[in-house]
Amino acid sequence: MNTANHAAFADLSRPLLSPLPFAERERLAGAWRMASQDIADDIRFIRQYLKVIAEKDERLSTGTLVHGRAYVEACAAWLPEMVARYLRNLRLISECECAMLAAGVRFARSSDAW
């Protein structure tokens, strides 16, 4: 096991000294985990929508558009919704981390520690 992983798991083996009840700690940790996973999807979709919009006039060698007009329009409509969702998830992650820090609940600060 590399040093970063060993340190992360060693920290997790210590008892948590938190004034929050177990159910509240679990709720916070669950919300943080879900928002962290959802934000990765948000970024992926935002990148895809931006790529489709940027390629709206590109054509294949046959002269056919790479993306249909309806799909480009749909991506342009979905983009603001996805950005809003991304920002909500980002806010939720920040609020959960602040609450967990204040309560003394440990959480991974880097994907290297997962």
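Start at 1 with the first residue, then count along the sequence. Since the model is a prediction, treat every value here as computed from it, not as a measurement.
Note that CG of L65 is 8.5 Å distant from CG of L60, once rounded to the nearest 0.5 Å. Distance check: E97 CD to L28 CG gives 11.0 Å after rounding to the nearest 0.5 Å. If you take CD1 on I46 and CG on D41, they are separated by 11.0 Å, rounding to the nearest 0.5 Å. Taking CZ of F22 as the start and CZ of R27 as the end, the distance is 13.5 Å to the nearest 0.5 Å. The CE atom of M100 sits 12.0 Å away from the CZ atom of R25 when rounded to the nearest 0.5 Å. The structure places CD of E58 at 8.0 Å from NZ of K51, a figure rounded to the nearest 0.5 Å.
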Residue pair R69, D57: steps toward the salt bridge (charged side-chain N to carboxylate O under 4.0 Å, His left out) verdict: CA-CA 9 Å; R69 296 272 182 224; D57 294 323; 3.5 Å; yes
Verdict with supporting geometry, R85 and D38, side-chain contact (heavy atoms from CB on, under 4.5 Å): CA-CA 9 Å; R85 179 186 147 152; D38 288 347; 3.6 Å; yes
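Note: the hydrophobic cluster containing M82 does not contain M34 (ILVMFWY, side chain heavy atoms under 4.5 Å, direct or indirect links). With hydrophobic clusters built from ILVMFWY side chains whose heavy atoms lie under 4.5 angstrom apart, V66 does not share a cluster with V72. A continuous path of hydrophobic side-chain contacts links V52 to I43 [ILVMFWY only; heavy atoms under 4.5 Å]. Both L50 and L87 belong to a common hydrophobic cluster when Ile, Leu, Val, Met, Phe, Trp and Tyr are linked at side-chain heavy-atom distances under 4.5 angstrom. Two different hydrophobic clusters hold L101 and L92 under the rule that ILVMFWY side chains link at heavy-atom gaps under 4.5 Å.
Here I53 pairs with C75, A76, L79 under the side chain to side chain contact (heavy atoms under 4.5 Å, CB included) rule; sequence neighbours left out. Looking at residues two or more places apart in sequence or on another chain, you find no side-chain hydrogen bond (donor to acceptor under 3.5 Å, both in side chains) involving R88.
Sorted by first and then second residue, the ring pair (Phe, Tyr, Trp, His ring centres under 6.0 Å) pairs with a member in residues 77-98 read Y49-W78; sequence neighbours excluded.
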